[in-house]
Structures are given as C-alpha cells and as structure tokens.
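Letters A, B, ... mirror the listed sequences (proteins, then strands); counts begin at 1. Everything numeric in this text was worked out from a predicted model, so none of it was measured. Reckoned from all heavy atoms, side chains included, excluding hydrogens, waters and symmetry mates.
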2 protein chains.
Amino acid sequence: MQRLIAHISKFVELTEEDKEIILSCIQYQEVKKKEYLLRQDAICNANYFILKGVFRKYYIDEKGSEQIIHFGIDNWWITDYDSLDRRIPSQYFIQAVERAEVAVLDWRVQEELFVKIPALERYFRLILQRAYAASMQRIRYIYDFSGEERYYHFSNLYPEFLQRIPQYMVASYLGFTPEFLSKIRAKKI
Amino acid sequence: MQRLIAHISKFVELTEEDKEIILSCIQYQEVKKKEYLLRQDAICNANYFILKGVFRKYYIDEKGSEQIIHFGIDNWWITDYDSLDRRIPSQYFIQAVERAEVAVLDWRVQEELFVKIPALERYFRLILQRAYAASMQRIRYIYDFSGEERYYHFSNLYPEFLQRIPQYMVASYLGFTPEFLSKIRAKKI
DNA sequence: GCCAAAACTTAATCAAGTTCAAGAAAAGAC
DNA sequence: GTCTTTTCTTGAACTTGATTAAGTTTTGGC
C-alpha cells in the first residue's frame, strides 16, 4: 500500500497526517484471474489503484464481440469515471487478466477525502490530465499508423507485456483481428 | 463572460465573492478566423473557454499532412493540458476555424485561483473526467463503425456544424480522406 | 497424464478506404 | 467583377485488413 502513497507524493505534497487518513480510508483487495471489478450495466462504486497485475477494460460491440479499450497496469488507476461520478450504469467491463492486487477507494469515501485533503483532489485532476493526454495519443496512433506499425510500436514499448497477455487481447486493443496479428507475426519470424 | 460563470456553476457551487475573483482573473479575447491560440513547439500558456466560435486542434503527421484531433465549440475549454501543466513544448496547433471569442485563463493565474477557490480545482477535475470519457467514446466510434457510419453519426449529431466548417476538416477529424467523404456524399444525393 | 477448452495459425475471397491525377466549383482579395 | 486560391469531385488502380472456415497448438482442470 506504500506504493500508492509514493505515487500520490510524486504529484502533490502530503503531510504525515494526510498519509494516515488516506491509508485508513483505503481497502486492500486481492483479485483472481478473470475476476471482475465492474460489469456492464452496474454502477461503478470505486476507483482502483493497481498495486500489481493487469486489468482490461472492454465493452461488447454491435456485433457482439469484446472490444478492449484500455489496459490497466501497475501504478495506474482504473475505473469508469463516468459511471462512478454521475452514478449511471457503466458500459464497460473491468476484468483481471492475471492475478492482481488493488487498493480500493470507494466513491463515498473519495468525496469525504477530497474535503479533508484538498491536495488529493488536485492529485486526481493531474492524473486525469495524464489519462486524457494518453487517450489523445492513442487516437493519434490509430490515425497515423497501420495495424502492423501499431503492433511493432506496442511490442517495442511493452515487450514483457506481450508474454503476459493473450494475443487476441493485444489484437483487440490495437483495433484489428487476431487473424491479422497472426499474419503480421508470420511475416517476421 | 457570464456564460463561463454559468458553466462553472453547473458543476460546483460558487459564492458571489468567488465569482468576482474569477472574473477579475480572466481576460476576454477576440480571435480572428485562422488565428492561432497555440502552435506546435510552443509552450502552452493558457486554458481557453470558448464563448463563441469553433476551434480545431491538430498536428502534422508523419506524411506531413494535418490531422485534426479535436474540435472545440461553445462552452468547452480548449488547451494542451500536457504542455500547459508540464511546461513542455506542445505537439499541437490550436486554430480558430471561424471568428471567435474566448475567456483566457493564464496558467500562473490558474494556480493562484486553485488555492483561493478549491471548488475550481474540483470543477476542472470534473471537466477533465468528462473530456476523458468523451475521448474514450471517440475511440469506440473509430473501432466500431466504418467511415461512412461515422460520417452519418456525426452529421446527425451536429447538422449545423457541417455547414460551418470545410469538409476536408470533417474528413480529417473522422479519420479518412476528403476524397472518400466526397464519395460518401455522392452516394446519397 | 489425459481431455476439454482456449488460443493461435493458415489461406482464399472480399470489402473498405487510399493514392494519384485531373478537373470543376466556390470563396476571398483587391 | 475578375483573378487567384481554396475547396470539392470523379475515376482507376491499388493496399490494408475483415471474414469465413478449417486445422493446429497450448493451457488448465481434475
């Protein structure tokens, strides 16, 4: 759990008292492989800080197949902010790709914490800025590069990742079919 | 400028004093057609609330052509948060598509305001949440729908918009060539 | 260690969208 | 109002990636 405090401290300053308050408000949770933190149509009740493991956020598209829009890894928060904050049913599933550990920040507790510790509201503003920029960057990759180029870019950026998660998930995240990914790999081996 | 106060008040509560402080810290600015609020490689110095008009945020891709990543319209903020906050050169251009009016919030003033009015930091956290969700939604559209479907969706959602901005900008925003857009339009007329 | 389920590969066919090139129409400048 | 620049259109050849369907390999449960 100290990893969370360390992460927050990278963005804002916390007093020792702040740290204790935060730690007392946050739950530690182990998550089994394939377990869900959130399912479609449910209202999201917490923001999750990933201490260890990998999550995928996906939805079911018009044709009925799973589309991954986001991977959550160590030291990132994962949630559906839209559902969490506006108390509306989520369009997304959040599922553990492998065994994981998370710090759970319940939405009601979050509101209280923001009042007690304004620095925390600032921290989340900064985190969201980062997430928003990353999302823009992602749109750039989709527009600028072909599927093959995106795959090479991804595999250079996160080589260990490719070993840990099934290929069909990578294909879904990068926006093409598993068959096409197979073809790309066949070319270069 | 009252439109800005009204917008903030939709998300957080402001006292009369807060409102005065905000108004005293914000500059009104008219922007001519094709004028830039930000250019690539410059460090972004302000967040702009669009009172009236349309802006496009774009970058130059590998092949040297302009790629529009975002349209800013009435009642939205437009800036490069990454450059603004981290004081790094921007990758983007922000340009007025038509004559516009904006409220300018300088980054240094913003920091001061957050200290004086914590509700404002909350407001921006909520705004960013909304922008992030919209960006996710955009990725969904790109993945789920064909170019033609995206065009019809866009033209149903913002019919007046199509009249106001050149087609090649719409094509760029939707992620295909102007030639292809021409073909789509030819089909249905 | 065996069986079932999950994940990956291969190949043929097809659709969506790009590229290039040329010309037509519309919008601004003075 | 005409001249220039910007925007839009059309068509042919081509590329990327989807689809379908079958077969192969790997993984996990018990």
> Under 4.0 Å between a side-chain N/O of A:Thr177 and OP1 or OP2 of D:dA18, yes or no?
Replying inline: yes

> Over how many whole Å does the gap from B:Glu179 atom CD to D:dT7 atom P extend?
Replying inline: 14 Å

>> Does a side-chain N or O of A:Arg185 approach OP1 or OP2 of C:dC8 to a distance below 4.0 Å, or not?
In response: no

> Which nucleotide in the list D:dG17, C:dA7, C:dT10 gets nearest to the side chain of A:Pro166?
Replying inline: C:dA7

> Within 45° of the six-membered ring axis of A:Tyr173 and under 6.0 Å from that ring's centre, is NZ or CZ of A:Arg138 located there?
Replying inline: yes

> Rounded to whole angstroms, how far apart are OH on A:Tyr143 and P on C:dG17?
Replying inline: 12 Å

> B:Ile165 CD1 to C:dA27 P: how many Å, rounded?
Replying inline: 15 Å

> Does NZ or CZ of A:Arg122 come closer than 6.0 Å to the centre of the six-membered ring of B:Phe114, within 45° of the ring's axis?
Replying inline: no

> Which is true for A:Lys34 with a 4.0 Å heavy-atom rule: it touches a base, it touches only sugar-phosphate, or it touches nothing?
Replying inline: nothing

>> Distance check needed: D:dT27 P versus A:Gln163 CD, whole Å only.
In response: 11 Å

> Atom CG of A:Leu162 to atom P of C:dA7: distance rounded to whole Å?
Replying inline: 16 Å

>> Without decimals, in angstroms, what is the distance between A:Lys183 NZ and C:dT9 C1'?
In response: 11 Å

> Could you walk me through whether A:Tyr151 and A:Arg185 pass the side-chain contact (heavy atoms from CB on, under 4.5 Å) check?
Replying inline: CA-CA 9 Å; A:Tyr151 175 71; A:Arg185 284 164 50 86; 3.8 Å; yes

>> Once you apply a heavy-atom cut-off of 4.0 Å, does B:Ser182 come out as touching a base, just sugar-phosphate, or nothing?
In response: base

>> I need the CZ-P distance between A:Phe145 and D:dT15, as an integer number of Å.
In response: 21 Å

> When the nearest nucleotide of DNA chain C is assigned to A:Pro178 and to B:Phe180 on a heavy-atom basis, which residue is associated with the more 5' position?
Replying inline: A:Pro178

> Judged by modelled atom types alone, do A:Asp61 and A:Gln67 share a side-chain donor-acceptor pair under 3.5 Å?
Replying inline: no

>> Between A:Gln167 and C:dA6, is there a contact of a side-chain N or O with OP1 or OP2 at under 4.0 Å?
In response: no

>> Any donor-acceptor pair under 3.5 Å linking the side-chain atoms of A:Glu101 with those of A:Tyr28?
In response: yes

>> Distance check needed: D:dT16 C1' versus A:Phe176 CZ, whole Å only.
In response: 12 Å

